[in-house]
Amino acid sequence: DSFDIDGLVLRNRVQQIAINGRFATSGKQDLAVNVESLPISAVSAFLPKPLPMTGTLMLRAQVTGTAAAPEITASANLTDGSIGGQSYGGVIGDITYRSRSADIKLTVRQDADHVLTANGTIPLILRWSPQWQAEATGDMNLRVQSNGLSIAFLNTFSGDAAQSIAGIIALDVTAQGPMTKPILRGTFQLQDGGLAIKPLGVQVAAISADGKFDGQTVSLRQISARTKDGRLNGSGILSLKDYSPEHFKISLALSRWPAIETQRYRATVAGNIEVQGPLGKPSLKGQIEVLNAEVRPDLAFLSRGRRPLTRDETIVILRGRAREEAQAQESKTARPAENELFKNARVDLSVVVPNQAWIRHPEANVELSGKLRAVKESGKEITLIGTIRVVRGWIGFQGRRFNLIRGEVEFRGDETLNPALDIVAQYRVQQYQVEVYVTGTLDKPVLTLRSDPALEQADILALLLFGKPLNTLNRNEQNTLQQSA
């Protein structure tokens with residue numbers, strides 16, 4: 001029923017664990033544990049997900065009293081530490097347990113100017129006689145304070161989406177009441193924050209926030225950020241029920257904000273967005289104006305010169321029911337599991353594109369404008385209503401440059417996002433003015449060729465491919481024309 005240890009020492013160079021004294025399942029206790037120069041990287045290996053940690057740990061612990069009413073004092077000191085690339089000048093912790101109460105003192109020091117302290121009392125029943133018991137009782141009283149602590153350690157947990165996280169957070173928060181349901185009150189501030197949103201190519205700087213805890217409510221009184229010429233300002237509130245998020249509301253105002261800046265896409269926007277509701281069924285609404293945008297799509301098929309396209313034997317053409325079955329199977333196997341959050345969300349977002357939205361490519365240069373409204377009810381697909389128009393531009397195909405005379409893509413609220421097309425392009429070859437009309441829908445477009453003076457469709461196609469009418473083509477050119485048609 002008892003273990004008497006007389007000077008047990010485990011040593012590896014400067015590392016040492018020493019245990020001395022008596023530990024019993026009942027009666028009097030007198031046990032001392034000393035740990036010297038233990039690298040915390042060894043501790044990380046026992047975590048469910050090991051963290052990049054370095055540093056040296058020193059630990060002192062003394063167990064006295066009895067098994068039914070133990071008294072415990074312990075102190076720990078971490079030196080030369082780093083977690084997730086963030087260095088720490090030292091971490092010192094002290095715990096004293098007696099008379100069903102644990103007094104806690106913790107100091108986390110990043111450097112001389114950035115320190116976090118936690119001090120307080122936690123009521124606790126701890127004993128192992130007549131049986132094991134570790135149970136929180138009564139009301140805790142804990143206070144956490146910091147004049148500023150770097151949040152760079154979050155880079156360890158952020159993954160690839162968010163990188164270069166930086167900022168200093170200051171806080172003064174108390175936790176009082178039962179351990180299972182403490183009441184949080186206090187304030188927090190974030191200054192000089194920053195992060196890189198890798199998928200969007202956007203570097204956000206000068207992030208600041210000011211908020212407070214007030215029982216079952218977390219208020220974000222102010223948040224702001226900038227990136228290049230862009231500005232973001234907002235506020236928010238989060239309501240809790242039994243310490244679980246119940247309802248939230250966030251309002252954001254954007255000014256010249258870069259929504260995306262990648263090699264293929266670039267867009268700067270302004271407007272207002274509001275997101276609110278339960279976390280599992282949020283509602284997003286707002287008005288966004290696209291101040292300027294560029295899309296650089298992959299239009300390699302436009303750059304293949306004047307040679308007609310030939311059939312790729314690796315492509316299998318499916319018609320009728322076989323096509324529908326293949327599409328259904330691809331949807332099941334290739335598409336990831338549907339995002340429940342987006343499925344339950346509601347959306348009502350208006351987007352205005354006054355001008356200065358371009359499709360740019362060596363074989364295309366098109367300016368767009370228009371208005372769209374994205375609408376979604378909970379449990380349904382998102383729909384688009386509105387029209388995107390061609391302001392001006394041209395597009396090259398088979399070595400010819402077609403000037404866009406008119407262009408409209410009209411979204412009519414279909415859940416399949418199958419807009420109607422009305423596009424007219426012109427190209428002059430010899431004495432003929434050729435017009436290409438694209439109508440129908442995105443799923444089923446209709447291509448019509450016209451010319452002035454009037455020619456048959458086959459003659460117009462021959463003009464576009466070979467620069468001469470059908471009746472002047474040789475046999476090889478006629479075979480090529482038939483394949484292209």
Do [X] and [Y] sit within salt-bridge range, that is, some charged N less than 4.0 Å from a carboxylate O?
| X | Y | value |
| --- | --- | --- |
| Asp348 | Lys376 | no |
| Glu261 | Arg266 | no |
| Glu377 | Arg346 | yes |
| Glu294 | Arg296 | yes |

Set of ring pair (Phe, Tyr, Trp, His ring centres under 6.0 Å) partners for Phe248, sequence neighbours left out
none

Polar side-chain atom of Lys212 near backbone of Arg221 as donor-acceptor pair, under 3.5 Å
no

Where the side chain of Lys241 meets the backbone of Pro245, is there a donor-acceptor pair that is under 3.5 Å apart?
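Looks like no, no N/O pair under 3.5 Å.
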
Evaluation steps, side-chain hydrogen bond (donor to acceptor under 3.5 Å, both in side chains), between Glu435 and Gln433:
CA-CA 7 Å; Glu435 292 185 341; Gln433 182 73 40; 5.8 Å; no

Walk me through it: do Thr268 and Asn292 pass the test side-chain hydrogen bond (donor to acceptor under 3.5 Å, both in side chains)?
CA-CA 5 Å; Thr268 303; Asn292 54 71; 3.2 Å; yes

Could you tell me which non-hydrogen atom of [X] sits nearest to which non-hydrogen atom of [Y], and how far apart they are?
| X | Y | answer |
| --- | --- | --- |
| Tyr437 | Arg406 | CE2-NH2, 4.4 Å |
| Leu372 | Thr387 | CD2-N, 4.0 Å |
| Ala225 | Trp257 | O-CZ3, 3.9 Å |
| Leu220 | Ala209 | CD1-CB, 3.9 Å |

Flag for [Y]-[X]: side-chain donor and acceptor within less than 3.5 Å:
| X | Y | answer |
| --- | --- | --- |
| Arg360 | Asn365 | yes |
| Ser224 | Gln222 | yes |
| Gln276 | Glu274 | yes |
| Thr107 | Thr117 | no |

Heavy-atom check, side chain of Ser219 versus side chain of Asp214, under 4.5 Å:
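In short, these two side chains do not touch, never coming nearer than 4.5 Å.
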
Do Leu461 and Gln457 come within less than 4.5 Å of each other through their side chains, counting heavy atoms only?
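Contact flag for Leu461/Gln457 side chains = no.
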
Should the heavy atoms of other residues, nucleotides or ligands under 6.0 Å from CZ of Arg231 be counted, would the total exceed 12?
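Result for CZ/Arg231: enclosed.
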
